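A quick note: this is a predicted structure, and the numbers were derived from the prediction, not measured.
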Amino acid sequence: MLSIVEGLLLFVAVSESVLGVLGNGFIGLVNCINCVKNKKISTLSLILTGLASSRFCLIWIITTDAYVRLFSPDMYLSGDLSQYIAYLWIIMNQSSVWFATSLSIFYFLKIANFSHCIFLWLKGHINEILLLLMGCLPISWLFTFPNITMPFINNIMKNRNTTGLITMQKSEYFINQILFSIGTLLVFILCLITCFLLITSLWKHNRRMQLNGTGFRDPSREAHIKAMKILVSFIILFILYFVGTAIQISIDTMPKNKLLYIFGMTTTILYPCGHSFILILGNSKLKQASLRVLKLLKC
């Protein structure tokens with residue numbers, strides 16, 4: 001049985017999950033409809049669709065993992081279910097961070113103003129660079145695949161050396177979690193760099209506006225600020241997501257604490273849920289589509 005505090009936290013986590021599924025599903029659906037109408041897919045639509053799809057799956061994986069841990073712990077501990085869920089989470093987590101980083105680079109190259117030749121070359125080849133970056137995602141999956149197949153190999157070996165195998169599985173599990181978290185953080189650092197460069201571009205743009213005496217109200221500055229809001233919100237939410245994930249993983253190394261686990265889950269889901277609505281409000285097409293849906297619901 002759950003306590004009152006645990007029940008309230010779980011209610012918040014479930015509410016976040018429902019909103020996250022609806023928000024990311026809406027982003028993916030709107031972009032797919034636009035692609036069918038226009039008979040072509042833009043780079044931004046591809047990134048948003050991939051980001052929404054990966055977060056949609058990520059929320060389901062997190063909630064499924066939590067449900068089994070809280071209400072069927074015997075089922076979770078028996079067999080290799082925990083590893084199946086962990087490796088599916090790794091794939092969806094990698095996809096989410098890769099697409100989010102691609103989105104930050106897209107905003108940076110589209111909005112920032114630098115006169116350096118390298119930046120101008122990157123700006124002129126934005127589609128090719130983003131497609132190359134997203135093409136690196138399947139390569140990262142190839143490195144993950146051998147670890148995904150380990151549970152199947154372990155099932156074959158289980159009858160030979162059960163005690164030694166359990167020790168090996170537990171040590172390998174935590175080592176893999178640490179290694180894949182480091183890989184995700186490296187991609188996240190790239191997002192931090194683009195955010196810093198975008199802030200630098202905004203600062204230089206404001207200085208030019210002051211020197212020219214044109215004031216601060218101009219389209220370029222507004223675009224800078226809108227992109228920065230999306231990137232900064234992603235950074236803050238991802239840090240909370242990383243903390244929540246660390247709490248959930250650490251539960252396996254300490255005495256079971258349902259309250260701490262549910263708190264970690266609530267913090268974790270805040271990232272794929274909250275950022276989806278920030279993207280909807282920050283994108284004019286998504287915002288207009290959401291307003292149309294709200295009008296239909298009111299009627």
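Judged as a ring-ring contact (aromatic ring centres under 6.0 Å, His included), and not counting sequence neighbours, the contacts of Y67 are F71. Residues passing the side chain to side chain donor-acceptor pair (under 3.5 Å) test with T268 are Q248, sequence neighbours excluded. With sequence neighbours excluded, the residues satisfying side chain to side chain donor-acceptor pair (under 3.5 Å) with S201 are H224. Applying the side-chain contact (heavy atoms from CB on, under 4.5 Å) test to K110 and every residue at least two apart in sequence or in another chain returns F106, I126.
The shortest distance between side-chain heavy atoms of L48 and F99 does not fall below 4.5 Å. A heavy-atom distance below 4.5 Å is not found between the side chains of C35 and K40. At least one side-chain heavy atom of L190 sits less than 4.5 Å from a side-chain heavy atom of I105. Contact check for K229 versus I225: side-chain heavy atoms found under the 4.5 Å cut-off. Using a 4.5 Å heavy-atom threshold, the side chains of F26 and S290 count as touching. Between S3 and L259 the shortest side-chain heavy-atom distance does not fall below 4.5 Å. With contacts defined as side-chain heavy-atom distances shorter than 4.5 Å, the pair V243/I247 qualifies. Considering only heavy atoms from C-beta on, T267 stays 4.5 Å or farther from Y241 through its side chain.
With values rounded to the nearest 0.5 angstrom, L44 atom CG is found 10.5 Å from N34 atom CG. Rounding to the nearest 0.5 angstrom, the gap separating the CD1 atom in I111 from the CE atom in M228 is 10.5 Å. The structure places SG of C32 at 13.0 Å from NZ of K37, a figure rounded to the nearest 0.5 Å. L58 CG to I90 CD1: the interatomic distance, rounded to the nearest 0.5 Å, is 12.0 Å. Interatomic distance, CZ of F196 versus SG of C191, reported as 14.0 Å (0.5 Å rounding). To the nearest 0.5 Å, atoms CD1 (I129) and CG (L109) are separated by 6.0 Å.
Note: F119 and F114 have perpendicular aromatic rings, judged against thresholds of 30 and 60 degrees for the angle between ring planes.
Under the 3.5 Å distance criterion, the side-chain polar atoms of S54 are matched with a main-chain donor or acceptor of L51. Remark: the backbone N or O of I61 is not paired with any side-chain donor or acceptor of D65 at under 3.5 angstrom.
Pairing each heavy atom of L10 with each of I262, the nearest pair is N-CG2, 3.6 Å. Here the shortest heavy-atom pairing between A66 and M265 reads CB-SD, 3.3 Å. H125 and W121 get closest at one heavy-atom pair: ND1-O, 2.8 Å. Here the shortest heavy-atom pairing between S102 and L133 reads OG-CD2, 3.3 Å. Residue L70 comes nearest to Y261 through the heavy atom pair CD2-CD2, 4.1 Å, listed as atom of the first residue, atom of the second, then distance. Scanning all heavy atoms of the two residues, the minimum distance from S115 to L120 falls at O-CD1, 3.7 Å.
One hydrophobic cluster, built from ILVMFWY side chains closer than 4.5 Å, holds both I193 and I118. If you chain together hydrophobic residues whose side chains sit under 4.5 Å apart, I62 and F238 fall into the same group. Under the 4.5 Å side-chain heavy-atom criterion for ILVMFWY residues, no single connected hydrophobic cluster contains both I91 and F56. In the hydrophobic clustering of ILVMFWY residues, with side-chain heavy atoms under 4.5 Å counting as a link, I199 and I239 come out together. Put simply, I27 and L297 are part of the same group of oily side chains (I, L, V, M, F, W, Y) that touch within less than 4.5 Å, one to the next.
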Counting only pairs under 3.5 Å, give me each side-chain donor-acceptor contact of residues 15-25, with atom names and distances, residues two or more places apart or in other chains.
{"residue": "S15", "atom": "OG", "partner": "F11", "partner atom": "O", "Å": "2.8"}
{"residue": "S17", "atom": "OG", "partner": "A13", "partner atom": "O", "Å": "2.9"}
{"residue": "N24", "atom": "ND2", "partner": "G20", "partner atom": "O", "Å": "2.8"}
{"residue": "N24", "atom": "ND2", "partner": "P272", "partner atom": "O", "Å": "3.0"}

Which atom pairs, donor and acceptor, lie under 3.5 Å between side-chain atoms of residues 276-286 and protein residues at least two apart or in another chain?
{"residue": "S276", "atom": "OG", "partner": "C273", "partner atom": "O", "Å": "2.5"}
{"residue": "N283", "atom": "OD1", "partner": "K285", "partner atom": "N", "Å": "3.1"}
{"residue": "N283", "atom": "OD1", "partner": "L286", "partner atom": "N", "Å": "3.1"}

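Remark: R55 qualifies as a cation-pi partner of Y271 under the 6.0 Å distance and 45° angle criteria applied to the six-membered ring.
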Walk me through it: do S45 and S42 pass the test side chain to side chain donor-acceptor pair (under 3.5 Å)? CA-CA 5 Å; S45 295; S42 64; 2.9 Å; yes
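The environment of CG in L291 is crowded: more than 12 heavy-atom neighbours from other residues, nucleotides or ligands sit within 6.0 Å. Counting heavy-atom neighbours within 6.0 Å of K226 NZ, excluding the residue itself, gives a total of 12 or less.
Counting only N and O atoms by type, the side chains of Y107 and T194 include no donor and acceptor under 3.5 Å apart.
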